Student: 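I have a structure I would like to understand better, so I am pasting it below and will then ask my questions one at a time.
Residue numbers run from 1 in the order of the sequence given. Just so it is clear, the model here is predicted, and its values are computed rather than measured. Values below: every heavy atom of this structure, side chains too, minus hydrogens, waters and symmetry copies.
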Amino acid sequence: MNLSRREFLQMLAVASAAGINLETAQAGTGNQTVANTVKVNRASGNMYEIPKFGNVHILHYTDIHAQLDPVYFREPSINLGIGSMEGNPPHLVGEAFLKHFGLKPNTPDAHAFTCLNYVEAAKKYGKVGGYANLLTLVKHMKAQRPGALVLDGGDNWQGSGLALWTNAQCQIDAQKLFGLDAFTSHWEATYGKDRMQDGIKQLEAAGNMSFVAQNIRSEDFEERVFKPYIIREQNGVKVAIVGQAFPYTPIANPRWMVEGWTFGINPEDMQDVVNKARKEGAECVVVLSHNGMDVDLKLASQVSGIDAIMGGHTHDAIPHPTIVKNPGGKTIVTNAGSNSKYLGVLDMDFKNGKLQDFKYTLLPVFADFIEADKEMAALIEKMTNQDVTFQGKTFNAKKRLNEVVATNEGLLYRRGNFTGSWDQLICQAIIDQNDCQISFSPGVRWGTSLVPGEAITYGDLMTEVGLTYPNVTVNEFTGEQIKGILEDVCDNIFNKDPYYQQGGDMMRVGGMTYACAPNENKGKRISDMALDGKPLDPSKKYKVAGWASVQKPGEIPGDTGKMIWDQVETWLKDKKHIKPVKINEPKLIGVKGNPGLTDCKA
């Protein structure tokens, strides 16, 4: 049976009114009253009703990437686990993901957590996220859980045109209204450490919010720059929230933007902080982490005394946590996706200073099932419909964001280990605009999706390229140098030790083809590099376009002085209409049967 989205919603409404238990729409059960703003007559029927449990409640979201409005976001079809990580969360996709977590196919949950039949499901269930919609859900959960702590895992300030044009002020103002208890960072640092500190001061002055990061220190005296943790009391239980900012900020992003600060994983420092918090009376210790899930899993095995790690960075949406054993007991490890698409709800029961039991639910935020918070929606509209000045030009942000730059008939997405259709457009654009043979584009995980038939707006483009170091580069590299670059980036992703995984996804490549053997050692993963069907000559030089150099302005090799958004906009307007994009996936070697690889069928 093939239902239209309207028919699907009508069916749910009739079933709900009749008291039918719609198992295919459930992510939880309960008999509590649904808030007026959380619609019971849609797929949310029981999804957003989670019975209160225990006496410590954590509400967690992460990696918003400045997506204030609802979006489409396709989950990856490739998320390979290597070595001991193969076959384990978060490295599961498609049918393997559904099977592992006991989710049924062709349901709202299947759409929220996998890329299966993405286009059809996206048209049926609509957009996800929206900061105002997320706030409605948070308020609904807090009404059932008085005193619940709200945590933002970082990567809030970056990822949209509006965030870039306002120097993150739109996100800071939205966070003020949201009402957080604690937050940490990653891409926030790419506005520069002075702006980051200013934004933090604004937030902390606005209410009971605290920025926490135990791993950011000054280079000179090795003193902590920010609070390592806070302690809040909830229902008679003292709860410590320890912050862990992205440990590789000066490596994955421009070092000059955080000059004078050091980061790092530092398990010994984390253990000292946890011990100190315990000595101060904390009965529950929660780490708010931007490490990425693989790193969190290893850290949890090495540090004792952490009850739960609420994780981010890798954008992994994991319905059920992983329980990790360590010398002092066990730690709950979670990861809550990205783009306002999910809310993690962790309920813990503490007695006599010990965790007795817990329940965890990762709720998908379907924008059609949850009404937007009116006050937040009004703020977002006000911030969007303002005049901004950027790079010497003043313009209305909303008008610019809504400007159509091309029509489109294919699925555009980014997330995945190797490439996405959005990345292929960017790679081809900078090849054509700079008369190059090959192009590289950074393997960032942020960036939303577009379904076929949706026009590409300037705002859509900016969700893919909106960062603070956008200069386009043109350089000449030998075939040997190109292999070295690809090998280095590949090792950041597929090193068998999570502590050496320092980047995002694989660098996106245009113009040339190659093969990749993720299970091999560094220097032996990349092979069969070819351009126009001919092998790359190790000694021959090739003209290569790129962007997002981490070098300081004035020191960027091959800097053209041109901005990535200008070049891609010009290219899209010249094309006028974008047909379905052929994905330049590398030939993968040695990964047959890996459950981190699937065919999403659109």
Side-chain angles (χ1 to χ4, degrees), residues 2 4-5 71-78 94 111 115-124 126-127 161 401-444 446-466 472 505-514 530-533 544-547 564-588 598-602:
N2 184 22
S4 70
R5 183 163 165 267
V71 299
Y72 289 111
F73 185 81
R74 174 191 181 272
E75 297 298 324
S77 56
I78 304 179
H111 173 55
C115 62
L116 297 172
N117 303 311
Y118 180 77
V119 172
E120 179 184 353
K123 291 178 179 178
K124 180 183 289 186
K127 292 184 176 182
L401 291 169
N402 290 338
E403 182 181 342
V404 173
V405 294
T407 55
N408 168 60
E409 64 180 81
L411 171 64
L412 297 180
Y413 66 92
R414 166 165 283 162
R415 183 73 176 95
N417 278 160
F418 292 98
T419 194
S421 46
W422 257 121
D423 295 298
Q424 290 304 133
L425 292 184
I426 294 168
C427 282
Q428 192 58 50
I430 59 176
I431 284 176
D432 293 346
Q433 289 291 299
N434 299 286
D435 191 26
C436 289
Q437 298 162 284
I438 295 168
S439 62
F440 293 151
S441 186
V444 294
W446 45 267
T448 59
S449 305
L450 279 180
V451 296
E454 278 214 334
I456 303 172
T457 67
Y458 191 73
D460 296 323
L461 167 61
M462 291 303 290
T463 68
E464 312 300 321
V465 299
V472 176
D505 282 317
M506 184 63 183
M507 177 186 290
R508 280 44 175 145
V509 176
M512 62 168 278
T513 59
Y514 70 100
L531 180 65
D532 298 327
V544 181
W547 66 285
I564 184 64
W565 44 73
D566 292 333
Q567 288 211 331
V568 180
E569 180 189 18
T570 298
W571 186 84
L572 287 170
K573 286 184 172 180
D574 286 346
K575 293 292 181 183
K576 295 184 175 62
H577 181 73
I578 303 301
K579 294 183 178 181
V581 178
K582 182 180 179 181
I583 305 300
N584 185 28
E585 295 278 11
K587 177 184 176 183
L588 296 179
T598 192
D599 178 4
C600 281
K601 301 176 183 177

Student: Using the side-chain hydrogen bond (donor to acceptor under 3.5 Å, both in side chains) criterion, which residues pair with Trp446? Sequence neighbours excluded.
Tutor: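 Trp446 satisfies side-chain hydrogen bond (donor to acceptor under 3.5 Å, both in side chains) with no other residue.
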
Student: Enter the distance from Asn117:CG to Lys124:NZ here, rounded to the nearest 0.5 Å.
Tutor: 9.0 Å

Student: Can you tell me how far the CH2 atom of Trp565 sits from the CG atom of Leu572, to the nearest 0.5 Å?
Tutor: 15.5 Å

Student: Is any side-chain heavy atom of Leu425 less than 4.5 Å from a side-chain heavy atom of Val568?
Tutor: no

Student: Can you name the nearest heavy-atom pair linking Phe73 to Tyr118, along with the distance?
Tutor: N-OH, 3.1 Å

Student: Okay, side chain of Glu464, backbone of Thr448: is any donor-acceptor separation there less than 3.5 Å?
Tutor: yes

Student: Mind checking what makes salt bridge (Lys or Arg N to Asp or Glu O under 4.0 Å) contact with Glu454, not counting sequence neighbours?
Tutor: none

Student: Of all residues at least two apart in sequence or in a different chain, which pass the side chain to side chain contact (heavy atoms under 4.5 Å, CB included) check with Glu585?
Tutor: Ile78, Phe418, Thr419, Ile583

Student: Calculate, to the nearest 0.5 Å, the distance between atoms OG1 and CG belonging to Thr463 and Leu401 respectively.
Tutor: 10.5 Å

Student: How close do Cys427 and Ser441 get, heavy atom to heavy atom, and via which atoms?
Tutor: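 Scanning both residues completely, I find the closest heavy atoms to be SG-CB, 3.8 Å.
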
Student: Report the residues that fulfil side-chain hydrogen bond (donor to acceptor under 3.5 Å, both in side chains) with Gln433, sequence neighbours left out, ordered by chain and then residue number.
Tutor: none

Student: Shortest non-hydrogen contact from Thr457 to Asn402?
Tutor: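 That closest heavy-atom pairing would be CG2-O, 4.0 Å.
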
Student: Can you list everything that forms a side chain to side chain contact (heavy atoms under 4.5 Å, CB included) with Ala545? Sequence neighbours excluded, please.
Tutor: Ile430, Asn434, Cys436, Ser439

Student: Taking side chain to side chain contact (heavy atoms under 4.5 Å, CB included) as the definition, give me every residue that meets it alongside Glu409, ordered by chain and number, with sequence neighbours left out.
Tutor: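 Only His577, Lys579, Pro580 meet the side chain to side chain contact (heavy atoms under 4.5 Å, CB included) criterion with Glu409.
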
Student: Looking at every heavy atom in both Ala406 and Ile578, which two are closest together, and how far apart are they?
Tutor: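 What the structure gives for the nearest pair is CB-CG1, 4.3 Å.
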
Student: Go through the steps for Ile431 and Gln428 under the test side-chain contact (heavy atoms from CB on, under 4.5 Å), then give the verdict.
Tutor: CA-CA 5 Å; Ile431 284 176; Gln428 192 58 50; 4.0 Å; yes

Student: What residues form a salt bridge (Lys or Arg N to Asp or Glu O under 4.0 Å) with Asp460, not counting sequence neighbours?
Tutor: none

Student: So, using side chain to side chain contact (heavy atoms under 4.5 Å, CB included) as the criterion, who are the partners of Lys573 when residues are at least two apart?
Tutor: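 With sequence neighbours excluded, Lys573 shows a side chain to side chain contact (heavy atoms under 4.5 Å, CB included) to Glu403, Val405, Glu569, given in chain and number order.
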
Student: Within the distance-only criterion (no hydrogens, no angle test), does the side chain of Ser421 pair as donor or acceptor with the backbone N or O of Tyr413 below 3.5 angstrom?
Tutor: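 Looks like yes, one N/O pair under 3.5 Å.
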
Student: Taking the side chain from Asn417 and the backbone from Met506, do they hold a donor-acceptor pair closer than 3.5 Å?
Tutor: no

Student: What are the two closest non-hydrogen atoms of Leu411 and Pro452, and how far apart are they?
Tutor: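 In terms of heavy atoms, the two residues are closest at N-CG, 3.8 Å.
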
Student: Tell me every residue that passes side-chain hydrogen bond (donor to acceptor under 3.5 Å, both in side chains) with Trp571, counting only those two or more places apart in sequence or in another chain.
Tutor: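 Here the qualifying residues are Asp432.
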
Student: side-chain hydrogen bond (donor to acceptor under 3.5 Å, both in side chains) with Ser449: which residues, sequence neighbours excluded?
Tutor: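 Expected list: none.
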
Student: Applying salt bridge (charged side-chain N to carboxylate O under 4.0 Å, His left out), which residue pairs with at least one partner in residues 417-426 are found, sequence neighbours left out?
Tutor: Arg414-Asp423, Asp423-Arg508

Student: A side-chain contact here means heavy atoms from C-beta on lying under 4.5 Å apart; do Arg415 and Asp505 qualify?
Tutor: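 Heavy-atom side-chain distance check passes, below 4.5 Å.
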
Student: Measure across Met507 and Tyr514 and return the closest heavy-atom pair with its distance rounded to 0.1 Å.
Tutor: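 Where Met507 meets Tyr514 most closely, the heavy atoms are O-OH, 4.4 Å.
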
